[in-house]
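Structure first, then comments.
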Amino acid sequence: MIRAGLSTLLAHWRRHPLQLATLIAGLALATALWTGVQAINAEAKASYERAARQVAPAEGVVTGPGGSVTVEDYARLRRAGWSVVPVMEGRLDIPGGRITVVGTDFVALPPEGGGPEEDADPAALLHDPGVGLADAATAEAVRGLPGMPDTRVSDRPAPGTLLTDIAVAARLLSRENPTHLLLTEPAPGPLNEIAPGLTLSRAGDPGAGRLTDSFHLNLTAFGLLAFAVGMFIAHGAVGLVFEQRRPMFRTLRALGLPLRALVGTALAELLILALAAGIIGVALGYAVAAALLPDVAATLRGLYGANVGDGLRIRPEWWLSGLGMALAGTLAAAAAALWRIARMPILDAGRPRAWAIASARGSRRQAAAAALLLAAAGALATAAPGLPAAFGLLATLLFGSALILPPILAAALRMAERTARSPLAQWFWADTRQQLSGLSLALMSLLLALAANIGVDTMVASFRLTFTAYLDQRLAAELYVRAETESRADELRDWLAPRVDAVLPVWTSEGMIGGERTRVVGIEPHATHRENWPMIDSLPSPWERVARGGALLLNEQGARRLGVSPGDRVALAPAGDLLLAGVYADYGNPAAEAVVSADLLVSAFEGADRREFGVRVPPGAVPALMDALRDEFGLSGGAMIDQATLKEISLGIFERTFTVTGALSILALIVSGVAILTSLLTLGAMRLPQLAPVWAMGVRRSRLARLDFLRAAALAAMTFAVALPVGLALAWALLARLNVAAFGWRLPMFLFPSDWLTLFALAMAAALIAAAWPVRALARTTPAEFLKVFAGER
Amino acid sequence: MARGIEKSFLSGGGAVPVLRGVDLSIDAGETFAVTGESGSGKSTLLHILGALEIPDAGTVAVDGMNVSDLSDARRAEVRRGRIGLVFQQFNLVPSLTVEANLDLQARLAGRFDSAWTARLAERLGLDPLLRRYPEELSGGQQQRVAIGRAVAHRPGLILADEPTGNLDEATGDAALDLLLDLVSETRAALLTATHSERLASRMGRRLRLSGGTLE
């Protein structure tokens with residue numbers, strides 16, 4: 001009995017392969033977008049975990065105030081019985097890029113610590129050139145370079161990382177002290193009794209992962225949005241298919257298939273389809289992730305210094321989540337349809353499209369839910385801060401707008417119907433309104449896709465404009481030079497001083513603000529800074545205050561995190577309490593950063609890096625100066641970088657950052673195009689009874705087809721009109737709420753009407769392409785098909 | 001066997017009685033017509049006898065089993081195994097071929113007999129149409145498939161609601177001939193609801209439903 005019931009249900013798809021294809025396509029696309037994002041996130045997180053565990057599974061990390069721990073403190077801890085292992089970490093320029101060098105004491109590492117295998121020769125580990133471990137690409141990149149250890153391929157270090165002995169790392173990085181110590185066994189006592197200046201962070205404390213979490217949260221939000229758009233398709237397709245088969249369900253029940261068996265077989269059929277679509281979606285998602293991962297990896301490297309490999313592995317966490325979402329999404333989409341079957345009276349006259357004629361009460365309920373969601377969005381926009389509230393704002397705004405779309409369109413169509421003069425125009429608007437309920441899910445998905453496009457494009461374009469201006473301000477010097485050693489840097493400075501307009505130190509170290517490691521930049525305030533580096537908020541003459549040594553500048557995200565404003569005192573360890581003279585914009589950087597005078601940096605921060613300078617010189621003189629520096633000091637290309645190249649690199653990182661979101665928003669638009677196609681195709685087959693009388697009254701088939709084309713265009717245009725304000729509200733939410741909550745900076749919003757025109761054209765194209773197929777089918781409907789309507793044979 | 005069947009429907013003005021104590025008995029191999037005007041309650045009576053609907057009062061026994069007290073699942077079991085239904089609108093499954101439609105109820109009932117359905121197809125003149133779909137058939141051909149489906153599982157009772165109502169006279173007569181032949185062959189009882197005197201005259205017994213009772 002069950003077998004006969006199931007095969008009868010499945011027979012529908014053999015007769016309607018197109019419906020099956022669109023249903024599978026909708027589900028598969030939704031799953032693909034979700035799975036793709038999950039795969040990227042899983043790969044990135046796996047890379048972080050590898051990076052975090054590449055040296056040793058530590059109990060905790062001991063850090064020092066200036067970004068390093070002195071050898072004396074290390075020795076003192078060891079003598080007091082602390083099981084600490086020194087680690088030295090830094091970035092190293094190599095031909096063709098930069099790598100991370102991590103040095104440690106392999107001999108002192110516990111067996112599971114991540115060093116070379118136990119049979120490695122201890123002498124080789126400790127003597128020059130030493131032994132290094134790296135992934136295949138990094139090992140290949142460093143092979144043969146002077147000073148590099150004998151590097152072996154290993155999957156233990158994170159991509160782009162060379163793991164080696166601490167002595168080799170010290171030589172490569174020109175450093176003396178470890179950057180931190182790993183605690184490999186529980187601490188034997190309080191740290192401050194032995195080394196008062198050091199800090200112990202326990203394993204599991206929030207660290208750098210927090211920075212990248214925001215990025216992944218954004219990706220996940222996008223994945224969810226894409227999945228929601230896909231679910232609109234699935235909901236529409238499943239709903240239509242169930243309604244079309246109502247007479248079949250009724251017949252099966254009349255022939256003796258019990259209700260429970262009918263619902264069970266319908267559920268089994270759905271799960272089979274969802275599983276098939278899920279598998280296709282997971283495979284597509286893998287392809288999406290593999291295509292986008294290099295851009296994501298570049299973004300994370302550029303923005304956060306986090307290394308993520310370009311290769312994608314098949315991990316159960318993302319493909320299982322993809323299949324789970326496909327199954328759960330299908331069930332959610334079908335829940336209403338299954339509920340209707342369960343409640344369907346056995347003698348209910350089969351009413352195809354009865355579902356489509358939404359009751360006034362249902363429509364009012366939808367409008368009320370939309371109003372409630374939009375009111376919640378308004379409340380979240382004005383009141384609540386924080387990341388959950390920002391995401392809540394996005395969700396309520398988008399879903400509230402989607403739900404309000406059908407009532408708005410219905411009202412507009414009613415108005416058009418009233419103002420129409422000719423009978424055909426009146427019929428056109430009335431017929432469009434009647435179709436609205438069947439198309440509303442597809443149009444809602446189009447609204448979501450368009451709003452997401454407008455919102456994300458506005459955010460990216462505003463960001464690009466601001467970022468370009470910001471680069472012009474921050475990269476004011478025409479040339480940036482980095483010496484190999486500090487003594488070489490002094491020589492360089494002396495040589496440059498009489499030959500250029502100004503030599504501006506860009507010295508750096510690490511300090512602690514509010515319990516977090518913070519990059520500290522030391523500068524000698526100069527007219528260049530005053531003219532090119534505007535403050536968001538400042539006391540009068542901020543640069544002069546910094547120059548005097550008792551003040552600092554903080555970036556916007558640092559100031560927001562500490563809740564301070566100009567005039568407040570800020571504790572910057574180890575320099576002490578400083579007056580906050582100004583707050584500056586620092587886009588693209590999620591971490592806090594402080595600017596102090598170069599003198600203060602050198603005096604208060606041990607081991608500050610004093611090797612980099614900005615050089616002011618007429619732009620035309622840059623190439624000659626670079627040649628001279630190459631000849632005089634043997635500086636390589638990597639040690640000198642001119643402003644134009646630096647901007648190009650920065651903008652390159654920026655563009656790659658948003659390649660991912662751009663690609664996802666275009667995919668969402670494609671998915672919504674598929675939704676429209678699905679709905680039109682299904683409705684097309686059910687509309688003949690409405691079209692046949694109009695045809696019989698003398699409207700030619702070709703004209704009916706043209707009117708259907710016009711209908712698709714009109715509905716897409718109206719949907720765009722609603723999507724535009726929703727998209728701009730979304731852009732505002734992203735720029736002024738989500739960015740502030742996730743990254744700590746707020747961006748100004750710019751409007752780009754020409755982009756809207758392009759998107760409008762794209763939306764019309766998507767709708768018309770989707771309509772082309774059903775319209776062609778209508779134009780080719782034979783008179784015999786129309787006549788069947790009157791003969792009652794349909 | 002039906003005893004004291006009563007059924008009302010709710011309308012704007014309250015409960016409207018349709019059946020007011022209908023008694024009816026039909027034996028194996030017997031043919032029976034219930035006639036009456038449109039809205040007289042013929043279809044409602046048929047639905048109650050076919051375990052598709054529950055009466056407000058009274059009992060219905062099929063093969064000695066009181067179906068009016070059964071659960072939905074047990075009533076489905078009775079319909080599946082003991083009753084064959086022929087509808088005015090044919091109600092074939094559009095996505096199944098003629099052959100699959102013919103087999104459908106027999107398979108649901110677990111009584112599929114390929115030799116019998118092959119013979120049925122031949123008797124009904126459906127052999128050349130077995131691979132076609134319902135939408136490719138004429139009304140008469142569709143009704144022949146519906147008749148075949150109703151007898152394929154050899155039920156004890158066949159209920160036909162206006163079985164020729166959608167067919168022209170000649171086609172209707174042909175379909176009815178086939179139905180009566182098959183009923184006679186399978187020794188099933190046949191009860192038809194019709195307003196056609198022509199059809200009713202072909203039945204062994206006939207009663208008129210008027211004012212909610214059989215006359």
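Chain identifiers are assigned alphabetically (A, B, ...) following the order of the sequence lines, protein sequences preceding nucleic acid strands; residue numbering begins at 1 within each chain.
Contact of B:Tyr133 with chain A is made through the side chain alone, with heavy-atom distances under 4.5 Å. Neither the backbone nor the side chain of B:Arg74 comes within contact range of chain A; no heavy atoms are under 4.5 Å apart. With a threshold of 4.5 angstrom between heavy atoms, B:Leu108 approaches chain A through its backbone and through its side chain. Residue A:Thr251 touches chain B through its side chain alone, counting heavy-atom pairs closer than 4.5 Å.
In terms of heavy-atom pairs under 4.5 angstrom with chain A, the leader among B:Val78, B:Leu85, B:Asn91 is B:Asn91.
In this structure, the side chains of A:Leu255 and B:Arg149 come closer than 4.5 Å at one or more pairs of heavy atoms. Side-chain atoms of B:Ser95 and A:Met248, non-hydrogen and from C-beta on, do get closer than 4.5 Å to each other. Considering only heavy atoms from C-beta on, A:Arg253 comes within 4.5 Å of B:Asp72 through its side chain.
Between the B:Arg80 side chain and the A:Gly256 main chain, a donor and an acceptor come within less than 3.5 Å of each other. At least one donor-acceptor pair closer than 3.5 Å links the side chain of B:Arg79 to the backbone N or O of A:Ala254.
Checked against salt bridge (Lys or Arg N to Asp or Glu O under 4.0 Å), B:Arg198 has the following partners two or more places apart in sequence or in another chain: B:Glu169, B:Asp173. Scanning for salt bridge (Lys or Arg N to Asp or Glu O under 4.0 Å) contacts around A:Asp708 gives A:Arg687, A:Arg711, with sequence neighbours left out.
Here the straight-line distance linking atom CG of B:Asp103 with atom OG of A:Ser7 works out to 10.0 Å at 0.5 Å rounding. Note: B:Leu96 CG to A:His12 NE2 = 11.5 Å, rounded to the nearest 0.5 Å. With rounding to the nearest 0.5 angstrom, the CG atom of A:Leu257 is 12.5 Å from the CD atom of B:Glu77.
Atom CD of B:Glu37 has 12 or fewer heavy atoms from other residues, nucleotides or ligands within 6.0 Å.
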